[in-house]
Enquirer: 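Let me give you the structure first, and then I'll get to my questions.
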Amino acid sequence: MDIKELYHTLLDHFGYQNWWPVDLEYHKKHHLDPKDEVIIGAILTQNTSWKNVEKALSNLKNNNALSLKAIKHMDIELLKELIRPSGFFNRKAEILKQISTMDKKPSRDKLLSIKGIGKETADSILLYAYHEPFFVIDAYTKRIIFRLFGYEFNEYDEYASFISSHIEKDVDIYKEFHALIVAFAKNYCKKTPDCNRCILKDRCLQNLYQHKS
DNA sequence: CTCCAGGAAACAG
DNA sequence: CTGTTTCATGGA
């Protein structure tokens with residue numbers, strides 16, 4: 001199995017994940033930039049389940065604060081209270097305050113210069129908010145590359161290169177593939193994997209030498 | 001390398 | 001039901 005086959009198999013099984021489904025009508029009505037919601041979500045979801053992020057986003061929405069401009073001028077203690085359900089609220093409030101001061105499109109290095117934004121979050125913002133072809137590498141991606149293909153790298157960028165060099169450089173594919181990897185890792189390739197019911201068990205390196213016909 | 005930031009959901013027993 | 005682990009991580 002190669003990377004492309006993995007992508008298509010996951011897409012066939014899970015379907016399009018439709019990540020960051022921004023309500024364009026809502027944004028237009030309230031004069032909001034859809035990018036802001038994606039950026040805010042990318043920060044709030046650091047090591048946090050999306051369900052909890054939704055609560056925080058809902059709080060921001062109800063307080064008319066679902067924009068970087070609003071966050072920029074908001075009392076930071078209020079901001080902390082609104083995003084509290086997403087956890088790590090002290091740190092995340094600081095990150096949001098910092099990123100809210102940059103109006104134009106930030107470069108990757110600019111994002112990385114913000115304390116609290118690492119490569120994964122930076123790439124997530126560039127890919128899902130600015131639609132630039134940066135592949136997002138997370139713990140799931142590393143785990144799956146190791147289990148399925150047997151590769152283990154030391155650097156983030158080596159994982160990104162590994163994926164990028166085996167699939168077209170296409171923003172939509174990058175977006176979908178990352179989301180599909182998350183779906184696969186949560187449903188089958190968990191920390192303690194569900195190999196018995198796994199959709200890829202016959203093509204996984206973990207089982208190639210086991211022959212448990 | 002380990003540990004911590006924090007709250008809610010999922011999970012194990 | 002009560003503990004424990006995990007989560008769309010990053011920095012000290």
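The chains referred to below are lettered A, B, ... by the order of the sequence lines, with proteins before strands, and numbering in each begins at 1.
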Enquirer: Remember a base hit wins even if backbone is also touched, and classify A:K191 as base, sugar-phosphate or nothing at under 4.0 Å, heavy atoms.
Expert: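 If one applies the 4.0 Å heavy-atom cut-off, A:K191 turns out to touch the sugar-phosphate alone, with no base involved.
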
Enquirer: Of all of residues 164-184 of chain A, which get a heavy atom below 4.0 angstrom from DNA chain C, listed by number?
Expert: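 Residues of residues 164-184 of chain A that come under 4.0 Å of DNA chain C do not exist, since none gets that close.
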
Enquirer: Could you tell me if the side chain of A:D123 sits less than 4.5 Å from the side chain of A:R108, heavy atoms only?
Expert: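 The answer is yes; the side chains approach within 4.5 Å.
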
Enquirer: Is there a side-chain contact between A:N187 and A:D194, using heavy atoms and a 4.5 Å cut-off?
Expert: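 They are not in contact (no side-chain heavy atoms under 4.5 Å apart), so the answer is no.
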
Enquirer: What integer number of Å spans the P atoms of C:dT6 and B:dT2?
Expert: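 To the nearest whole Å, 15 Å.
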
Enquirer: Under 6.0 Å from the ring centre and within 45 degrees of the ring axis: does the NZ or CZ of A:K169 meet both conditions for the six-membered ring of A:Y174?
Expert: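 No.
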
Enquirer: Please enumerate all protein N or O atoms sitting under 3.5 Å from an N or O of nucleotides 10-12 of chain C, with distances to 0.1 Å.
Expert:
from	atom 1	to	atom 2	distance (Å)
C:dG10	OP1	A:G118	N	3.3
C:dG10	OP1	A:G118	O	3.4
C:dG10	OP1	A:E120	N	3.4
C:dG10	OP1	A:T121	N	2.8
C:dG10	OP1	A:T121	OG1	2.7
C:dG11	OP1	A:G116	N	3.0
C:dG11	OP1	A:I117	O	3.4

Enquirer: A:E158: what forms a salt bridge (Lys or Arg N to Asp or Glu O under 4.0 Å) with it, not counting sequence neighbours?
Expert: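 Not a single residue meets the salt bridge (Lys or Arg N to Asp or Glu O under 4.0 Å) criterion with A:E158.
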
Enquirer: If the threshold is 4.0 Å, N to carboxylate O, is there a salt bridge linking A:D33 and A:K35?
Expert: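 Here A:D33 pairs with A:K35 in a salt bridge, since their nearest N and O are under 4.0 Å apart.
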
Enquirer: Distance check needed: C:dT6 C1' versus A:D138 CG, whole Å only.
Expert: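 Distance check: A:D138 CG to C:dT6 C1' gives 14 Å.
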
Enquirer: Kindly state each residue pair satisfying ring pair (Phe, Tyr, Trp, His ring centres under 6.0 Å) with at least one member in residues 27-73 of chain A, sequence neighbours excluded.
Expert: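 Listed once each, the pairs are A:W20-A:W50, A:Y26-A:H30.
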
Enquirer: Under a 4.0 Å N-O cut-off, is there an ion pair linking A:R84 with A:E81?
Expert: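 A salt bridge is present here (some side-chain N lies under 4.0 Å from a carboxylate O).
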
Enquirer: I'd like to know if A:E54 and A:K61 make a salt bridge, using a cut-off of under 4.0 Å between side-chain N and carboxylate O.
Expert: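 Not counted as a salt bridge, because no side-chain N and carboxylate O are separated by less than 4.0 Å.
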
Enquirer: Could I get the full list of side chain to side chain contact (heavy atoms under 4.5 Å, CB included) partners for A:E94, not counting sequence neighbours?
Expert: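 Partners of A:E94 under the side chain to side chain contact (heavy atoms under 4.5 Å, CB included) test: A:I76.
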
Enquirer: Could you tell me how far C:dT5 sits from B:dC3 if I compare only their P atoms? Round to whole Å.
Expert: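 Those two atoms are separated by 14 Å.
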
Enquirer: Please state how far atom CG in A:L44 lies from atom C1' in B:dG6, giving the value in whole angstrom units.
Expert: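 Going from CG in A:L44 over to C1' in B:dG6 covers 13 Å.
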
Enquirer: Going 5' to 3' through nucleotides 7-13 of chain B, assign each nucleotide B (protein heavy atom under 4.0 Å from a base atom), S (under 4.0 Å only from sugar-phosphate atoms) or - (no protein heavy atom that close).
Expert: BBSS---

Enquirer: Would you mind reporting whether A:R147 and A:C189 have side-chain heavy atoms less than 4.5 Å apart?
Expert: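 Contact flag for A:C189/A:R147 side chains = yes.
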
Enquirer: Can you find a heavy atom in the side chain of A:D2 that is under 4.5 Å from one in the side chain of A:F149?
Expert: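 Not touching, per the 4.5 Å side-chain cut-off.
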
Enquirer: Tell me the interatomic distance from A:K92, atom NZ, to B:dA5, atom C1', rounded to whole angstroms.
Expert: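 For the pair A:K92 NZ and B:dA5 C1', the rounded distance is 10 Å.
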
